[in-house]
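Please read the structure below before turning to the comments.
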Amino acid sequence: MKNVDDFVARIEGACGAEKDVIVVFKFDKKDEALTNIFRCAQLKRSIAGIIHEMTFKDYTFRVYSSGKAIFRSIKDKKELNDLLSALLLQDQNSRCAPARPFR
Amino acid sequence: MEHHSNIVPWEITAKINGFTVRYANVNRDGTLNYEDLENKTSNKTKIVSLSHVSNVSGVINDVQRVAEVAHEHGALMLVDGAQSVPHMPVDVRELDADFLAFSGHKMLGPTGIGVLYAKRTLLEEMRPFQGGGEMIKEVAFAGAREKCDISLNDPPWKFEAGTPNICGAVALNEAVRYLQRIGMDQVQAHECYLTNYAIKRMQELNNVTLHGTTDTALKCSIIPFSVRGLSSHDAALFCDNYGIMIRSGFHCAQPLHQIFNLMSSARASFYIYNTREEIDRFIEVLKETEQLQ
(Lines give C-alpha, C1' and ligand atoms only; values in the text may rest on other atoms or scores of the structure.)
Protein backbone atom coordinates (compact mmCIF):
# COMPACT_ATOMS: atom_id res chain seq x y z
CA MET A 1 0.00 0.00 0.00
CA LYS A 2 1.46 3.33 -1.05
CA ASN A 3 1.73 6.36 1.16
CA VAL A 4 2.64 10.01 0.70
CA ASP A 5 6.29 9.36 1.57
CA ASP A 6 6.60 7.19 -1.52
CA PHE A 7 6.17 10.31 -3.64
CA VAL A 8 7.58 13.10 -1.52
CA ALA A 9 11.31 13.73 -1.21
CA ARG A 10 10.97 16.64 1.17
CA ILE A 11 8.69 19.38 2.37
CA GLU A 12 10.03 22.87 2.95
CA GLY A 13 8.34 25.65 4.82
CA ALA A 14 9.43 28.52 2.60
CA CYS A 15 10.49 31.62 4.49
CA GLY A 16 8.46 34.72 3.82
CA ALA A 17 5.25 36.17 5.19
CA GLU A 18 3.23 34.10 2.68
CA LYS A 19 3.97 30.93 4.68
CA ASP A 20 4.15 28.90 1.48
CA VAL A 21 4.87 25.21 1.72
CA ILE A 22 6.98 23.72 -1.06
CA VAL A 23 6.63 20.02 -1.72
CA VAL A 24 9.44 18.41 -3.68
CA PHE A 25 8.52 15.10 -5.26
CA LYS A 26 11.01 12.26 -5.60
CA PHE A 27 12.75 12.44 -8.96
CA ASP A 28 11.76 8.94 -10.02
CA LYS A 29 8.18 9.45 -8.82
CA LYS A 30 7.52 12.98 -9.99
CA ASP A 31 5.77 12.03 -13.23
CA GLU A 32 3.47 9.63 -11.38
CA ALA A 33 2.82 12.24 -8.68
CA LEU A 34 1.97 14.93 -11.22
CA THR A 35 -0.20 12.54 -13.23
CA ASN A 36 -2.15 11.70 -10.08
CA ILE A 37 -2.55 15.35 -9.19
CA PHE A 38 -3.71 16.18 -12.72
CA ARG A 39 -6.19 13.33 -12.54
CA CYS A 40 -7.75 14.55 -9.34
CA ALA A 41 -7.40 18.32 -9.24
CA GLN A 42 -8.76 20.80 -11.73
CA LEU A 43 -6.39 22.71 -13.96
CA LYS A 44 -7.20 26.42 -13.95
CA ARG A 45 -4.42 27.47 -16.29
CA SER A 46 -0.92 26.63 -17.38
CA ILE A 47 1.77 29.22 -17.90
CA ALA A 48 4.54 28.53 -20.38
CA GLY A 49 3.91 24.82 -19.81
CA ILE A 50 5.76 25.17 -16.55
CA ILE A 51 3.43 26.53 -13.88
CA HIS A 52 0.12 24.71 -13.56
CA GLU A 53 -2.42 26.45 -11.39
CA MET A 54 -4.73 23.84 -9.87
CA THR A 55 -7.76 23.74 -7.63
CA PHE A 56 -8.88 20.86 -5.46
CA LYS A 57 -11.74 21.20 -3.00
CA ASP A 58 -11.13 24.60 -1.38
CA TYR A 59 -7.43 24.62 -2.18
CA THR A 60 -5.61 26.49 -4.91
CA PHE A 61 -2.01 25.53 -5.53
CA ARG A 62 0.66 25.56 -8.18
CA VAL A 63 2.42 22.55 -9.61
CA TYR A 64 5.69 22.83 -11.49
CA SER A 65 6.85 20.57 -14.30
CA SER A 66 10.14 20.15 -12.47
CA GLY A 67 8.32 18.09 -9.84
CA LYS A 68 7.59 20.66 -7.17
CA ALA A 69 4.39 22.17 -5.85
CA ILE A 70 3.58 25.22 -3.77
CA PHE A 71 0.67 25.09 -1.35
CA ARG A 72 -0.67 28.10 0.51
CA SER A 73 -2.74 28.63 3.63
CA ILE A 74 -1.91 25.24 5.03
CA LYS A 75 -2.40 25.23 8.80
CA ASP A 76 -0.26 22.29 9.82
CA LYS A 77 1.45 19.06 8.77
CA LYS A 78 -1.70 17.00 9.18
CA GLU A 79 -3.68 19.21 6.84
CA LEU A 80 -0.91 19.01 4.24
CA ASN A 81 -0.62 15.25 4.63
CA ASP A 82 -4.38 14.82 4.23
CA LEU A 83 -4.34 16.99 1.12
CA LEU A 84 -1.38 15.15 -0.40
CA SER A 85 -3.01 11.81 0.40
CA ALA A 86 -6.17 12.89 -1.37
CA LEU A 87 -4.20 14.08 -4.40
CA LEU A 88 -1.62 11.31 -4.67
CA LEU A 89 -3.26 8.19 -3.32
CA GLN A 90 -6.77 8.45 -4.68
CA ASP A 91 -8.59 5.44 -6.04
CA GLN A 92 -8.05 5.78 -9.78
CA ASN A 93 -11.36 4.12 -10.63
CA SER A 94 -13.70 6.01 -8.41
CA ARG A 95 -14.19 9.72 -8.00
CA CYS A 96 -11.45 11.29 -10.15
CA ALA A 97 -11.54 12.27 -13.77
CA PRO A 98 -10.16 9.93 -16.44
CA ALA A 99 -6.41 9.67 -16.35
CA ARG A 100 -4.59 12.38 -18.21
CA PRO A 101 -0.92 11.49 -17.95
CA PHE A 102 1.30 14.42 -17.19
CA ARG A 103 3.64 15.51 -19.96
CA MET B 1 19.04 46.13 7.00
CA GLU B 2 20.84 43.45 8.94
CA HIS B 3 20.92 39.72 8.34
CA HIS B 4 19.38 37.78 11.22
CA SER B 5 22.89 36.68 12.16
CA ASN B 6 23.63 40.28 13.11
CA ILE B 7 20.40 40.62 15.11
CA VAL B 8 19.69 37.35 16.87
CA PRO B 9 23.01 36.94 18.77
CA TRP B 10 22.73 40.49 20.07
CA GLU B 11 19.13 40.01 21.20
CA ILE B 12 20.05 36.75 22.94
CA THR B 13 23.03 38.21 24.73
CA ALA B 14 21.09 41.40 25.56
CA LYS B 15 18.62 39.27 27.52
CA ILE B 16 21.44 37.51 29.35
CA ASN B 17 23.52 40.59 30.06
CA GLY B 18 20.79 43.18 30.42
CA PHE B 19 21.62 45.70 27.74
CA THR B 20 19.51 47.27 25.02
CA VAL B 21 19.90 46.84 21.27
CA ARG B 22 19.01 49.93 19.24
CA TYR B 23 18.43 49.85 15.50
CA ALA B 24 19.32 52.57 13.02
CA ASN B 25 16.67 53.37 10.44
CA VAL B 26 16.89 52.49 6.78
CA ASN B 27 15.71 54.83 4.03
CA ARG B 28 13.01 53.80 1.57
CA ASP B 29 15.65 52.98 -1.04
CA GLY B 30 17.36 50.56 1.33
CA THR B 31 20.30 52.82 2.15
CA LEU B 32 21.33 53.39 5.74
CA ASN B 33 20.04 56.52 7.46
CA TYR B 34 23.38 57.78 8.74
CA GLU B 35 21.86 60.72 10.62
CA ASP B 36 19.63 58.37 12.58
CA LEU B 37 22.58 56.11 13.37
CA GLU B 38 24.58 59.11 14.56
CA ASN B 39 21.68 60.30 16.73
CA LYS B 40 21.32 56.88 18.30
CA THR B 41 25.01 56.56 19.11
CA SER B 42 26.00 57.96 22.48
CA ASN B 43 28.64 57.55 25.15
CA LYS B 44 26.50 54.66 26.47
CA THR B 45 27.01 52.77 23.21
CA LYS B 46 29.38 49.84 23.64
CA ILE B 47 29.48 48.45 20.14
CA VAL B 48 28.16 49.36 16.69
CA SER B 49 27.55 46.35 14.47
CA LEU B 50 26.82 46.83 10.80
CA SER B 51 26.82 44.85 7.60
CA HIS B 52 29.30 46.17 5.07
CA VAL B 53 26.96 45.13 2.24
CA SER B 54 23.31 44.20 2.63
CA ASN B 55 22.60 40.63 1.58
CA VAL B 56 19.12 41.68 0.40
CA SER B 57 19.61 44.97 -1.40
CA GLY B 58 23.34 44.89 -2.12
CA VAL B 59 23.66 48.38 -0.62
CA ILE B 60 27.24 49.17 0.39
CA ASN B 61 27.48 50.94 3.73
CA ASP B 62 30.05 53.59 4.47
CA VAL B 63 31.71 51.63 7.27
CA GLN B 64 34.53 54.14 7.67
CA ARG B 65 32.03 56.89 8.46
CA VAL B 66 30.17 54.71 10.96
CA ALA B 67 33.42 53.54 12.59
CA GLU B 68 34.41 57.14 13.10
CA VAL B 69 31.10 57.84 14.85
CA ALA B 70 31.46 54.70 16.99
CA HIS B 71 35.03 55.50 18.00
CA GLU B 72 34.17 59.13 18.81
CA HIS B 73 31.80 57.74 21.43
CA GLY B 74 34.25 55.14 22.72
CA ALA B 75 32.34 52.25 21.12
CA LEU B 76 33.77 49.34 19.19
CA MET B 77 33.00 48.78 15.51
CA LEU B 78 32.04 45.31 14.29
CA VAL B 79 31.58 44.74 10.57
CA ASP B 80 29.64 41.89 9.01
CA GLY B 81 31.71 41.36 5.89
CA ALA B 82 29.95 38.21 4.66
CA GLN B 83 28.59 40.04 1.64
CA SER B 84 31.54 42.36 0.99
CA VAL B 85 34.73 40.32 1.44
CA PRO B 86 33.83 37.88 -1.38
CA HIS B 87 32.94 40.68 -3.79
CA MET B 88 35.29 43.62 -3.37
CA PRO B 89 38.66 44.66 -1.95
CA VAL B 90 38.30 45.09 1.82
CA ASP B 91 40.98 46.58 4.04
CA VAL B 92 40.20 46.30 7.75
CA ARG B 93 42.73 49.01 8.58
CA GLU B 94 41.23 51.43 6.10
CA LEU B 95 37.76 50.74 7.49
CA ASP B 96 39.13 51.03 11.03
CA ALA B 97 37.05 47.99 11.98
CA ASP B 98 37.67 46.54 15.42
CA PHE B 99 36.09 43.28 14.31
CA LEU B 100 35.19 41.95 10.89
CA ALA B 101 33.54 38.60 10.20
CA PHE B 102 32.95 36.72 6.97
CA SER B 103 31.90 33.26 5.79
CA GLY B 104 33.66 30.71 3.62
CA HIS B 105 30.62 29.54 1.73
CA LYS B 106 29.98 32.88 0.06
CA MET B 107 33.44 33.03 -1.50
CA LEU B 108 33.94 29.67 -3.20
CA GLY B 109 34.95 28.06 0.07
CA PRO B 110 33.28 25.40 2.18
CA THR B 111 30.35 25.75 4.54
CA GLY B 112 30.79 25.68 8.29
CA ILE B 113 33.85 27.89 8.41
CA GLY B 114 34.36 31.61 8.56
CA VAL B 115 36.80 34.22 9.72
CA LEU B 116 36.64 36.66 12.60
CA TYR B 117 39.25 39.39 12.40
CA ALA B 118 39.89 41.45 15.51
CA LYS B 119 42.51 44.00 16.42
CA ARG B 120 45.30 42.27 18.30
CA THR B 121 44.90 44.44 21.40
CA LEU B 122 41.27 43.32 21.64
CA LEU B 123 42.15 39.68 21.11
CA GLU B 124 44.64 39.93 23.94
CA GLU B 125 42.06 41.50 26.27
CA MET B 126 39.26 39.07 25.45
CA ARG B 127 38.58 35.92 27.42
CA PRO B 128 38.19 32.60 25.61
CA PHE B 129 34.60 31.51 24.99
CA GLN B 130 35.45 27.79 24.91
CA GLY B 131 37.86 25.60 26.82
CA GLY B 132 39.82 22.56 25.66
CA GLY B 133 43.03 21.53 24.01
CA GLU B 134 45.25 23.85 21.96
CA MET B 135 43.95 27.03 23.58
CA ILE B 136 46.23 26.69 26.62
CA LYS B 137 49.97 26.90 27.10
CA GLU B 138 50.04 24.77 30.20
CA VAL B 139 47.72 22.81 32.48
CA ALA B 140 49.44 21.53 35.60
CA PHE B 141 48.60 20.43 39.11
CA ALA B 142 49.31 23.02 41.68
CA GLY B 143 50.48 22.40 45.21
CA ALA B 144 48.90 19.26 46.71
CA ARG B 145 47.39 18.25 43.39
CA GLU B 146 43.93 19.41 44.44
CA LYS B 147 43.60 21.86 41.60
CA CYS B 148 45.12 22.67 38.22
CA ASP B 149 46.61 25.92 37.14
CA ILE B 150 46.11 26.86 33.51
CA SER B 151 47.83 29.48 31.42
CA LEU B 152 46.11 30.59 28.22
CA ASN B 153 47.75 30.42 24.83
CA ASP B 154 48.37 33.53 22.75
CA PRO B 155 45.72 34.73 20.32
CA PRO B 156 44.39 33.44 18.02
CA TRP B 157 44.97 29.97 19.52
CA LYS B 158 43.41 31.15 22.78
CA PHE B 159 40.06 31.02 20.97
CA GLU B 160 40.55 27.73 19.14
CA ALA B 161 39.73 25.00 21.63
CA GLY B 162 39.76 21.41 20.44
CA THR B 163 40.55 19.89 17.09
CA PRO B 164 39.78 22.55 14.51
CA ASN B 165 38.02 22.24 11.18
CA ILE B 166 41.33 21.57 9.39
CA CYS B 167 39.81 20.54 6.05
CA GLY B 168 37.60 23.61 6.05
CA ALA B 169 40.53 25.91 6.82
CA VAL B 170 42.69 24.41 4.05
CA ALA B 171 39.83 24.69 1.55
CA LEU B 172 38.98 28.25 2.57
CA ASN B 173 42.64 29.22 2.26
CA GLU B 174 42.65 27.89 -1.31
CA ALA B 175 39.47 29.85 -2.09
CA VAL B 176 41.10 33.03 -0.78
CA ARG B 177 44.25 32.40 -2.83
CA TYR B 178 42.16 31.73 -5.93
CA LEU B 179 40.28 35.02 -5.53
CA GLN B 180 43.48 36.89 -4.79
CA ARG B 181 45.02 35.54 -7.99
CA ILE B 182 42.07 36.94 -9.94
CA GLY B 183 42.26 40.18 -7.99
CA MET B 184 39.40 41.52 -5.90
CA ASP B 185 39.24 44.72 -7.93
CA GLN B 186 38.67 42.54 -11.02
CA VAL B 187 35.96 40.62 -9.19
CA GLN B 188 34.23 43.84 -8.23
CA ALA B 189 34.51 45.31 -11.73
CA HIS B 190 33.02 42.18 -13.31
CA GLU B 191 30.12 42.09 -10.87
CA CYS B 192 29.42 45.82 -11.24
CA TYR B 193 29.28 45.39 -15.00
CA LEU B 194 26.83 42.46 -14.69
CA THR B 195 24.71 44.23 -12.07
CA ASN B 196 24.45 47.38 -14.21
CA TYR B 197 23.51 45.35 -17.25
CA ALA B 198 20.96 43.22 -15.39
CA ILE B 199 19.29 46.26 -13.81
CA LYS B 200 19.00 47.93 -17.21
CA ARG B 201 17.48 44.79 -18.76
CA MET B 202 15.14 44.09 -15.84
CA GLN B 203 13.84 47.65 -15.98
CA GLU B 204 12.62 46.89 -19.51
CA LEU B 205 10.13 44.37 -18.10
CA ASN B 206 6.67 45.68 -17.24
CA ASN B 207 5.82 42.99 -14.72
CA VAL B 208 9.06 43.13 -12.74
CA THR B 209 9.61 45.55 -9.86
CA LEU B 210 13.09 46.18 -8.52
CA HIS B 211 13.37 46.95 -4.82
CA GLY B 212 15.76 49.40 -3.23
CA THR B 213 18.23 51.61 -4.99
CA THR B 214 19.27 50.80 -8.53
CA ASP B 215 22.27 53.13 -8.36
CA THR B 216 25.22 50.81 -8.80
CA ALA B 217 27.53 53.36 -7.23
CA LEU B 218 25.74 52.53 -3.97
CA LYS B 219 25.38 48.78 -4.34
CA CYS B 220 26.93 45.64 -5.73
CA SER B 221 26.01 42.28 -7.22
CA ILE B 222 22.50 41.84 -5.76
CA ILE B 223 19.13 42.75 -7.24
CA PRO B 224 16.02 42.16 -5.15
CA PHE B 225 12.83 42.04 -7.20
CA SER B 226 9.21 40.92 -7.46
CA VAL B 227 7.26 39.55 -10.39
CA ARG B 228 3.65 40.70 -10.61
CA GLY B 229 1.27 37.79 -10.00
CA LEU B 230 3.93 35.50 -8.60
CA SER B 231 5.18 35.04 -5.08
CA SER B 232 8.94 35.10 -4.73
CA HIS B 233 8.90 31.30 -4.36
CA ASP B 234 6.88 30.93 -7.55
CA ALA B 235 9.38 33.15 -9.34
CA ALA B 236 12.26 31.05 -8.02
CA LEU B 237 10.62 27.76 -9.03
CA PHE B 238 9.79 29.17 -12.44
CA CYS B 239 13.44 30.15 -13.03
CA ASP B 240 14.53 26.80 -11.61
CA ASN B 241 12.76 25.08 -14.51
CA TYR B 242 15.23 26.79 -16.81
CA GLY B 243 18.24 26.00 -14.67
CA ILE B 244 18.43 29.52 -13.27
CA MET B 245 18.96 29.72 -9.55
CA ILE B 246 17.70 32.72 -7.66
CA ARG B 247 16.84 32.95 -4.01
CA SER B 248 13.40 33.65 -2.58
CA GLY B 249 11.95 34.51 0.81
CA PHE B 250 13.24 36.81 3.52
CA HIS B 251 16.92 35.99 2.85
CA CYS B 252 17.31 35.87 6.64
CA ALA B 253 16.49 39.59 6.80
CA GLN B 254 12.85 39.80 7.78
CA PRO B 255 12.99 43.31 9.32
CA LEU B 256 14.20 44.80 6.02
CA HIS B 257 11.20 43.24 4.27
CA GLN B 258 8.96 44.91 6.83
CA ILE B 259 10.54 48.23 5.88
CA PHE B 260 10.07 47.50 2.17
CA ASN B 261 6.52 46.33 3.02
CA LEU B 262 7.11 43.04 1.22
CA MET B 263 5.84 39.55 2.02
CA SER B 264 9.14 38.24 0.63
CA SER B 265 11.40 38.96 -2.32
CA ALA B 266 13.23 37.22 -5.11
CA ARG B 267 16.94 37.95 -5.37
CA ALA B 268 19.21 37.73 -8.37
CA SER B 269 22.89 37.79 -7.52
CA PHE B 270 26.07 37.51 -9.51
CA TYR B 271 29.57 36.24 -9.01
CA ILE B 272 32.76 35.73 -10.96
CA TYR B 273 31.39 32.75 -12.90
CA ASN B 274 28.31 34.55 -14.28
CA THR B 275 28.15 36.03 -17.77
CA ARG B 276 26.22 38.63 -19.71
CA GLU B 277 24.70 35.82 -21.81
CA GLU B 278 23.27 34.27 -18.64
CA ILE B 279 21.60 37.56 -17.82
CA ASP B 280 20.09 37.66 -21.32
CA ARG B 281 18.74 34.16 -20.71
CA PHE B 282 17.40 35.22 -17.30
CA ILE B 283 15.56 38.14 -18.94
CA GLU B 284 14.06 35.82 -21.56
CA VAL B 285 12.79 33.57 -18.77
CA LEU B 286 11.32 36.51 -16.85
CA LYS B 287 9.58 37.61 -20.05
CA GLU B 288 7.72 34.29 -20.05
CA THR B 289 6.04 35.32 -16.81
CA GLU B 290 4.32 38.19 -18.63
CA GLN B 291 1.72 35.60 -19.64
CA LEU B 292 0.44 35.89 -16.09
CA GLN B 293 -1.06 39.30 -16.77
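- For residues 3-16 of chain B, heavy-atom neighbours of chain A at less than 4.5 Å comprise no residues at all.
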Self-check item: Derivation and outcome, side chain to side chain contact (heavy atoms under 4.5 Å, CB included), residues A/S65 and B/N241
Solution: CA-CA 7 Å; A/S65 306; B/N241 271 272; 3.9 Å; yes
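- How far CD1 of A/I50 is from SG of B/C239: 9.5 Å, rounded to the nearest 0.5 Å.
- No donor-acceptor distance shorter than 3.5 angstrom exists from the side chain of A/Y64 to the backbone of B/D240, with no hydrogens or angles considered.
- Atoms NE2 and SG, from B/H251 and A/C15 in turn, are 7.5 Å apart once rounded to the nearest 0.5 Å.
- To the nearest 0.5 angstrom, A/I70 atom CD1 is 4.5 Å from B/L237 atom CG.
- To the nearest 0.5 Å, atoms CZ (B/F238) and CD1 (A/I51) are separated by 5.0 Å.
- A search for salt bridge (Lys or Arg N to Asp or Glu O under 4.0 Å) contacts involving B/R247 returns nothing, not counting sequence neighbours.
- Residues A/I47 and B/T289 have side chains not in contact (no heavy-atom distance under 4.5 Å, counting atoms from C-beta outward).
- Neither the backbone nor the side chain of B/H257 has a heavy atom closer than 4.5 Å to any heavy atom of chain A.
- A 4.5 Å side-chain heavy-atom check between A/R62 and B/L230 finds at least one atom pair inside the cut-off.
- Evaluation of the side chain to side chain donor-acceptor pair (under 3.5 Å) test over residues 10-21 of chain A, restricted to residues two or more places apart or in two chains, returns A/R10-A/E12, A/E18-B/S264, A/D20-A/R72, A/D20-B/S231.
- Below 4.5 Å, heavy atoms of chain A meet no heavy atom from residues 266-284 of chain B.
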